[in-house]
**Student:** 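Dropping a structure here in structure tokens format, bear with me for questions.
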Amino acid sequence: MLTANVFVNIPVKSIARAYTYSVPAELSYLEAGWRVFVPFGGRKVEGFIVSVAEKTAEELGDMAGKLKPIEAAVDEEPWFSDKMLQAAQWLADFYLCSLAEMMRLFMPGKSGIKITVIYQSVPEQANHLLLAMPAYRAVYDCLSAGEGLSRGEIGKALPDYKTDLPQILDKLCQYGILSKEYQAGKREKARYEKFAQLLAEVTPELLAEFKRKKAQQHLLEVLSAAEQGQMAFAALKAQKITTATIHNLAEAGLIQIRQRRVLRDSYKDTELTCQPQINLTLDQNKAIEAMTPFLSEGKHHGFLLKGVTGSGKTQVYIEMAKKARAKGRQVVVLVPEIALTGQVVLAFKAYFPDDIVVMHSRLSLSERNDAVVRVRRGGAGIVIGARSALFTPLDNIGLIIMDEEQDMSYKQDESPRYHAKVVAEELAKIHQAVLLLGSATPSLESYYRTQQGELTLLTMPKRIGDMPLPVVQCVDMRQELRMGNRHILSRPLQLLIEQTMAKGQQIIIMLNRRGFSTFVMCRSCGEVIKCKLCALPLVYHKNGKLSCHHCDVTEPVPDVCPKCSSRYIKYFGSGTEKLEQELHQIVPSARVIRMDRDTTNTKFAHQEILQKFREKQYDILLGTQMVAKGHDIPNVTAVGIISADSSLNLPDFRAAERCFMLITQTAGRAGRHGTQGKVIIQTYNPEHYAVTCGIAQDYEGFYEQEMVLRQGLFYPPFSRIVKLLFQHEEENNAKGNAQKLVIAFNEHFAGAKGQQIIGPSPAVIARFRGIYRFVVLIKTTDLPAVQEFLREQQLHLRADVAIDIDPIAML
DNA sequence: ACTAAAGAACTC
DNA sequence: AGTTCTTTAGTG
């Protein structure tokens, strides 16, 4: 019998294994990689075939009689290639998650199908006692009238019973009065456009026949000029040609109205404003020469391109992409945030106008699907986007570029908690592709790996045209306070703003906190108002609401303190909203635009804000760290960083690294075109090496000092970290389970070097929705051994434990 | 995640 | 006893 091993697309750890199905004769063409529709339990779900095998009854053993047949195929071709399956399997093993959970990342949307339940009446039960009730009778009669309807359709037909329809339907199914059927439909919608196709040759004689039908004559002329005599209705409409005219001409048999699929692409009309750089610098050439042999021979290798801001890393990316495309291989270009795709698309479009698709999670499902279709048809070979672009179905990747490789947003912070760098590296290995990590300030991990010889370091230390780096000035905020300035804005920064505006130039100001006030406290009893779900302080926003930046929950500001009923409630700390207000007061003539998560909810909000700023409609761009990333605005000559060190006091071993990178990156935004920029950094820790090295743009200096600390504390890159989060309603159970694991770990690794386990300790959000959370941290030099140990302990199958490999937040 | 079956609580 | 709500096991 022909059988298939199938992983069902259900994200539950306890069923993270293959189930065997029989393959009916009419589906005998199915192979590994196909998405299918299968019966599972009492319902039908999507599944992924991972292998197909001919099996005898003996081989099947006692399962022989229990096999259910695969119902249908979801697509017309296999969705997962062998390489994709291989990558998904490796990643599932590495991150200790289920294969299905990993595989569903390789599709746009979590599932390829939408399953609807269709209810049908059972005729034999027409006189069931339960149907004496009017509501039940109405539903039954409604279904008896026609074919069978979904819940939504019944609700539409019987609006009176809509509210308790679910209960009615459940009940009727329970008694067998109604039957259920599961129907799978495509989730995404293909879009079509109508177009006119010219059938005849347009000769002067033919046009003469339409002397008295001017509109149709015009249409003929337009179509004869068009490519292949085809033109979309939308384009014709733009030329004031009505559908009536088109239909008339179709009646006459001279044209044909047809339909074709259009692939949506909201980046299609990106204007080509980028000037191609013609002469490469010496450094650029060196970098390209180092990588080219590997690309030409189709050999995997990893490179770290360390180039200061303005050294022309993008041009290196483009040159390498050209070479990969010339060999017929595909290219993936990753950026840390969706907002930065526009920038890269712009640069690449100048060289590859039609060879690009954009892929990220803010696109609609259909749009992502259209992008996949374009890639599959060979309509584009360069995928640009955020993390999720890595999972585009590509069969021949030659080059993976990861810009700003140090950026923490490359780590997915929900399950499966993968790091794009790990995925990129594994894909590069499987495809024998070149991996190119780019950064001005590489992560300590990557830089360390170049010293270990695992990656090849390429450097570009000079800015193009040898432009000077900006002048950086540090302002000690303690000093400011002593001088009597209690504003967020120091006087030197205020002065810089005024001077810059006087010259007609622009300023970027970065404050790493959104909202108005960072916490709200009662002055009588000291109670800080906290989120009901996670107990973290709520942030006050100017719209009068308190919001939790962790759970995205908002609530109104209470009139009196919830603890002591005092009316003395005050706002402390400052965010971007408050700074915006203060700027208006201190520099009334300044036109300020704010960019943070609150003002960038829509797909193109980032681009719109930056565009307005670029067009000089505003003087000051004020925002959170997103203003520090990758934008190049010529007229910006000054940058202010409000509290560069706010992260230094966090309980995170990467605090110093974060602070250093924030300063270097933000400072890099100033003065990229001719004029030397000026940067002011406000800090309470002017002596800290992260601040001093940041100001001096001294990566090596920072690296050396930080590495000493990391080694002393056995932190990455000298170890790798695995975070385990234990959750339980009972505090003691959560803690006890964690404790048990710690004991088992110590037993297992007794005497082994390079293994350390810490905890359990309460998580930052110690209690979430009534569930207690404890954290255990493992530091190891032998990650595979730890992964193996966790698998032995069956930890990856437990619903109450979340495993995070290479976590970003420790607690 | 969802279903179906088994068990516990509740109504009459 | 009959019904309804809750818990639990199992999905090929």
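Note that the coordinates shown come from a computational prediction; the quantities given were computed from them, not determined experimentally. Here is how names work: the chains are called A, B, and so on, in the same order as the sequence lines, proteins then strands, and each is numbered from 1.
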**Student:** Classify the nucleic acid contact of L67(A) as base, sugar-phosphate or nothing, counting any heavy atom under 4.0 Å across all strands shown.
**Tutor:**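 Result for L67(A) = sugar-phosphate.
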**Student:** When all nucleic acid strands are considered with a 4.0 Å heavy-atom cut-off, which category describes F40(A): base, sugar-phosphate, or nothing?
**Tutor:**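 Base: the residue F40(A), judged by heavy atoms under 4.0 Å, touches a nucleobase.
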**Student:** Would you say the rings of F80(A) and W34(A) are close, in the sense that their centroids are separated by under 6.0 Å?
**Tutor:**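 Not under 6.0 Å, so no.
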**Student:** Determine which pairs satisfy ring pair (Phe, Tyr, Trp, His ring centres under 6.0 Å) with at least one residue from residues 410-429 of chain A, sequence neighbours left out, and list them in order.
**Tutor:**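 Non-adjacent pairs meeting ring pair (Phe, Tyr, Trp, His ring centres under 6.0 Å): F391(A)-Y418(A).
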**Student:** Is Y182(A) close enough to dT3(B) that one of its side-chain N or O atoms is under 4.0 Å from OP1 or OP2 there?
**Tutor:**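 Yes, Y182(A) has a side-chain N/O under 4.0 Å of OP1/OP2 on dT3(B).
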**Student:** Mind checking whether R773(A) and I765(A) have side chains closer than 4.5 Å, heavy atoms only?
**Tutor:** yes
**Student:** For atom CZ of R137(A), is the number of surrounding heavy atoms from other residues, nucleotides or ligands below 6.0 Å larger than 12?
**Tutor:**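 Yes, because the 6.0 Å sphere around CZ of R137(A) holds more than 12 heavy atoms from other groups.
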**Student:** With a sphere of 6.0 Å drawn around CD of E26(A), does it hold more than 12 non-hydrogen atoms of other residues, nucleotides or ligands?
**Tutor:**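 For E26(A), atom CD is crowded (more than 12 foreign heavy atoms under 6.0 Å).
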**Student:** Which nucleotide span of DNA chain C, 5' end to 3' end, has atoms closer than 4.0 Å to non-hydrogen atoms of chain A?
**Tutor:**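 Here the contact window of chain A covers dT4(C) to dG12(C).
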**Student:** Would you mind classifying the nucleic acid contact of K171(A) as base, sugar-phosphate or nothing, using non-hydrogen atoms under 4.0 angstrom?
**Tutor:** sugar-phosphate
**Student:** Just by distance, no angles: are the side chains of N5(A) and S51(A) close enough, under 3.5 Å, to form a donor-acceptor pair?
**Tutor:** yes
**Student:** Show each protein N/O and nucleotides 9-12 of chain B N/O combination with a separation under 3.5 Å, one pair to a line.
**Tutor:**
none

**Student:** Using a distance-only test with no angle check, is there a side-chain donor-acceptor pair under 3.5 angstrom linking D782(A) and T780(A)?
**Tutor:** no
